[in-house]
There are 2 protein chains.
Amino acid sequence: MATSTVEDYIKQIYLEQIDSIDGFVTMGRVAISLGVVPGTATTMVKSLADSELVNYEPRVGVRLTEAGEELAIQMLRRHRLIELFLVETLGLDWSEIHEEAEKLEHAISDRVLEQMDTLLGHPKVDPHGDPIPSESGNLSNELLMNLGNCILNQPLNIARITDQSSEFLQFVNKSGLMPGVELTVLKRESAADAITLHLSNGMSLVVGTLAGEKILVE
Amino acid sequence: MATSTVEDYIKQIYLEQIDSIDGFVTMGRVAISLGVVPGTATTMVKSLADSELVNYEPRVGVRLTEAGEELAIQMLRRHRLIELFLVETLGLDWSEIHEEAEKLEHAISDRVLEQMDTLLGHPKVDPHGDPIPSESGNLSNELLMNLGNCILNQPLNIARITDQSSEFLQFVNKSGLMPGVELTVLKRESAADAITLHLSNGMSLVVGTLAGEKILVE
DNA sequence: ATATAAAGTTTGATTATTCAAAATACCTGT
DNA sequence: ACAGGTATTTTGAATAATCAAACTTTATAT
């Protein structure tokens with residue numbers, strides 16, 4: 001059985017792999033996303049390679065194997081279902097659930113997980129708008145526009161928030177930019193690094209490009 | 001912070017301490033209840049003593065300190081609240097929740113725990129009838145009779161099942177001996193090592209003394 | 001009182017995970 | 001082509017938890 005550390009590495013590598021160009025994740029990225037020093041990442045990745053969960057090319061990077069990807073998607077399903085459960089059933093705030101789910105995803109049995117899934121009515125997205133993989137591992141991955149590249153002056157719906165840090169989610173909450181909210185992008189000024197928005201509730205606000213790119217719309 | 005292993009040792013020592021004569025738990029008991037070899041128990045207990053969670057007397061045994069007892073009661077609260085939550089909210093069967101709670105009690109935050117407590121209406125007993133310590137650590141510990149020492153021919157209510165093994169709970173389930181059920185003890189034959197019961201649903205059955213002593217009534 | 005058994009402790013090793021710091025490889029710009 | 005810089009890997013050491021097996025105490029039984 002995979003230890004909780006192994007599960008963390010695999011999930012994180014999967015997430016990094018998604019937005020990598022060549023499908024390889026560098027040791028530097030692995031180290032940063034797991035909060036360890038580079039040497040630790042190298043050591044650990046080599047041991048993941050021994051367990052056939054990743055392919056490791058020295059001085060190039062890692063890539064998940066079939067088995068690794070399966071495990072990663074399973075962890076993602078756990079994580080997101082738990083997040084939704086914490087919000088829906090236990091009434092926690094969506095900006096405080098990430099860390100919580102991070103711990104619980106290693107402790108909950110399949111039995112309990114499927115019970116949660118049933119109770120929630122087999123949901124498709126978590127509170128951040130991230131898709132929940134199905135039990136068989138399917139992940140609907142239509143690609144969404146973000147506030148930095150979507151059409152201007154057109155009503156759009158917020159679908160997903162891709163930064164799960166508590167700080168960012170609290171900002172999102174305060175500004176009323178939760179998934180489901182309707183908005184229009186009025187203008188983008190690259191020199192000012194700013195995006196001007198108009199919310200359906202009448203509020204207008206300006207966000208930086210970096211922040212805007214973390215908010216996906218459809 | 002206490003590791004999950006430390007939490008397990010402390011909880012188990014607490015449980016053993018309750019039914020010990022002199023308040024000391026031997027290394028043998030510690031080893032058995034944690035499923036490790038005796039040498040491991042000795043080593044670990046010495047390290048618990050370093051953290052001031054127990055007092056350890058070589059060749060005599062361990063006893064929890066104030067701090068240790070506090071931690072133990074907190075773990076018991078977690079364990080029992082989680083068990084009840086799994087049954088009430090997730091609809092799991094009470095005979096299959098012990099292992100589950102054993103894992104979750106280390107992973108759940110105080111925040112989530114108190115939310116569960118609120119949702120369940122600050123319950124006083126878990127699905128096995130075991131008392132749930134209050135947030136401040138109070139544990140109602142009235143002493144109950146069991147089927148091996150209670151009055152005969154007197155209607156009584158099952159209050160608590162003290163063996164949490166899946167095997168025993170399934171037997172309890174099948175025989176209709178769950179907490180809350182009313183019964184009468186008809187006779188006890190020490191030679192036959194048998195206790196004859198009559199349930200309020202009309203069923204009669206015979207259990208061994210050892211099994212009967214695991215069923216508490218009031 | 002002494003041999004034996006039972007319980008507890010010690011010692012030496014192992015596994016998983018991590019870090020610090022030294023060593024190595026790979027680029028990149030001139 | 002080479003000097004520097006950056007990324008990566010290696011090495012050596014640490015911590016937490018465990019086991020097997022040798023050893024020591026303590027209690028028991030004749």
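Each chain gets a letter, A, B and so on, in the order the sequences are listed, and its residues count up from 1.
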Please list, pair by pair, any protein nitrogen or oxygen found under 3.5 Å from a nitrogen or oxygen in nucleotides 16-18 of chain D.
residue, atom, partner, partner atom, Å
D:dA17, OP1, B:T3, OG1, 2.4
D:dT18, OP2, B:Y9, OH, 3.1

Check: If we ignore angles and hydrogens, is there a donor and acceptor under 3.5 Å between the side chains of A:H79 and A:H98?
Finding: yes
Next item on the list: Mind checking the NE2-CE spacing from A:H122 to A:M116? Nearest 0.5 Å is all I need.
Entry: 13.0 Å
Next item on the list: Indicate whether the side chain of A:D8 and that of A:H106 have a donor and an acceptor atom separated by less than 3.5 Å.
Entry: yes
Notebook entry, point to check: Is the backbone N or O of B:D93 less than 3.5 Å from a side-chain atom of B:E96, with the two atoms forming a donor-acceptor pair by type?
Noted result: yes
Note to self: Can you tell whether the side chains of A:D110 and A:R78 come within less than 4.0 Å, N to carboxylate O?
What the structure shows: yes
Next item on the list: Look at all strands and tell whether B:G28 reaches a base, only sugar-phosphate, or nothing, counting heavy atoms closer than 4.0 Å.
Entry: sugar-phosphate
Margin query: Does B:K46 qualify as a cation-pi partner of B:Y56, given the criterion of NZ or CZ under 6.0 Å from the six-membered ring centre and within 45 degrees of its axis?
Written below: no
Item checked: Option from A:L216, A:L144, A:L147, A:I215 for which side-chain contact (heavy atoms from CB on, under 4.5 Å) with A:I158 holds -> A:I215
Margin query: Less than 4.0 angstrom between a side-chain N/O of A:K46 and OP1 or OP2 of D:dT9, yes or no?
Written below: no
Check: Which heavy atom of B:G212 sits nearest a heavy atom of B:I195, and at what distance?
Finding: CA-CD1, 4.0 Å
Next item on the list: Kindly state which residues belonging to residues 53-60 of chain B come within less than 4.0 angstrom of DNA chain C, counting heavy atoms of the residue only, listed by number.
Entry: B:Y56, B:P58, B:R59
Next item on the list: Let me know the distance between CD1 of A:I32 and P of C:dC19, rounded to the nearest Å.
Entry: 13 Å
Margin query: What is the distance, to the nearest angstrom, from the CE atom on A:M27 to the C1' atom on C:dA25?
Written below: 15 Å
